[in-house]
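Below, chain A is the first sequence line, B the second, and so on; all start at residue 1.
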2 protein chains.
Amino acid sequence: MDSISPEASRSAQEFASGAKIHTGGTAGTPWRLQRGVIRLDTTAADGQAAFASLAIAGDILGCETLLFGAYTFSATALTECRLSPWPEGVADRDSLLVSLASAQRRAADLVALRGGQAMDRVLGLIRLFADGAGQVILPTRQDIADITDLRFETISRIIKQLERRHILSPIRIAGVHATRSFTLADC
Amino acid sequence: MDSISPEASRSAQEFASGAKIHTGGTAGTPWRLQRGVIRLDTTAADGQAAFASLAIAGDILGCETLLFGAYTFSATALTECRLSPWPEGVADRDSLLVSLASAQRRAADLVALRGGQAMDRVLGLIRLFADGAGQVILPTRQDIADITDLRFETISRIIKQLERRHILSPIRIAGVHATRSFTLADC
DNA sequence: CGAGCACTTGATCTATGTCAACGGTAGTGG
DNA sequence: CCACTACCGTTGACATAGATCAAGTGCTCG
């Protein structure tokens, strides 16, 4: 059934920001997300994709393939990502438990990103994408809009407002301001 | 630390609609939700409770107590509920896998309840609470508002509108219309 | 019988959506 | 090298879904 050799299909893989990782309904295997952020979408009957969930480093992706053989969601990289095959080595009951607990917590985080004032939602998402050192690489305005259930024009206005307040500072590359790379002042 | 005997604390329990099931941060054990719907809240530093997630029949509740010893969320029954101790009997790797997959799907459902038009969100939630026979018992307008990130006045208006369109029909009990029990016409 | 909820409904306000125009950048093909 | 296209992001003007504020009803429970 696998068209690629077992070794090739089961070694760690890298994806660039924006890359499609897999498509809902197609066959595949589970992965652990080692680095980066992934966007998961459901595909409605009419073919419309709708944002469904986020996966961040440590999350397990496509575990349902062990049950149904196919992915439930479509996955797209929002940042550079590294995936490694899962399960790793011995079937570990405890690691499954950890994954279940963190999936439940992830759901709560997602819910928080979709409620309250627009400014707070965007700030919440920015913190999710920030590394420890106050550096942030954001996805496109449209992706942020899909995640927070706002419009990309609103996201654009809010990010500009954060720049004016010096909460976000765009990084200069060769003299020009990046639109997605910032340093984040802890407010 | 447990004030009740081990047997009592580890047998199935029933909760009435609105009952508090456990509090975030307190010690406890995991449960499987056999029947009903539960609301999970996070408690912010300032003591404000915020809606975090839903659990429906089949879900595992408080599995993180096996890792940290305490509940992450506070749980409140939105309908009559029945909980049974988890894990049931043998530690079953496959049942954990099923739980993980359904937790990830639940997150996507929750996300859908918090995006798009108010009417669609409320309809989505109503379908979640409907049994197979088209009977629905809803939680309070305030609970629906918290779940969908709308205001209770908006929920009230939308439910009235669904009644006028005969999508929801309040059940009459002793001649008076119930405010939370309906039959749902499949639209 | 009074207090406290849960719910309904009207009037008004506002945060965000919608529509439209425009600029920058990357890629592509001649 | 220069069109040319396709995105992505920004900004302004205006519209509106839903929030907010306010008043009132009816039920339940002590």
Leading and trailing nucleotides of DNA chain C with any atom under 4.0 Å from heavy atoms of chain B:
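Footprint of chain B along DNA chain C, 5' to 3': C:dA6 to C:dA11.
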Which atom pairs link the protein and nucleotides 5-7 of chain D when you take only N or O atoms and keep those under 3.5 Å?
none

For residues 16-33 of chain B, pull every pair meeting salt bridge (charged side-chain N to carboxylate O under 4.0 Å, His left out), keeping only residues two or more places apart or in separate chains.
B:Arg32-B:Glu88
For [X], all residues meeting side chain to side chain contact (heavy atoms under 4.5 Å, CB included), sequence neighbours excluded:
| X | result |
| --- | --- |
| A:Val111 | B:Phe51, B:Leu110, B:Arg114 |
| B:Gln34 | B:Arg82, B:Ser84 |
| B:Arg151 | B:Glu153, B:Thr154 |
| A:Thr179 | A:Arg141 |

Distance-only check: which donor-acceptor pairs under 3.5 Å involve side-chain atoms of residues 158-168 of chain B, not counting sequence neighbours?
| from | atom 1 | to | atom 2 | distance (Å) |
| --- | --- | --- | --- | --- |
| B:Lys160 | NZ | B:Glu163 | OE1 | 3.2 |

Determine all donor-acceptor pairs shorter than 3.5 Å in which one atom belongs to a side chain in residues 100-109 of chain A; sequence neighbours excluded.
| from | atom 1 | to | atom 2 | distance (Å) |
| --- | --- | --- | --- | --- |
| A:Ser102 | OG | A:Val98 | O | 3.3 |
| A:Ser102 | OG | A:Ser99 | O | 3.2 |
| A:Gln104 | NE2 | B:Ile60 | O | 3.0 |
| A:Arg106 | NE | A:Asp59 | OD2 | 2.8 |
| A:Arg106 | NH2 | A:Asp59 | OD1 | 2.7 |
| A:Arg106 | NH2 | A:Asp59 | OD2 | 3.2 |

So if I take the C1' atoms of five pairs at each end of the helix from C:dC1-D:dG30 to C:dG30-D:dC1 and get each local axis, what angle do the two axes make, rounded to 10 degrees?
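What I find for the helix from C:dC1-D:dG30 to C:dG30-D:dC1 is an axis angle of 40°.
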Which ILVMFWY residues can you reach from A:Val176 by hopping between side chains whose heavy atoms are under 4.5 Å apart?
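Answer for A:Val176: none, a lone residue.
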Residues in contact with DNA chain D, drawn from residues 153-161 of chain B - heavy-atom cutoff 4.0 Å:
B:Glu153, B:Thr154, B:Arg157
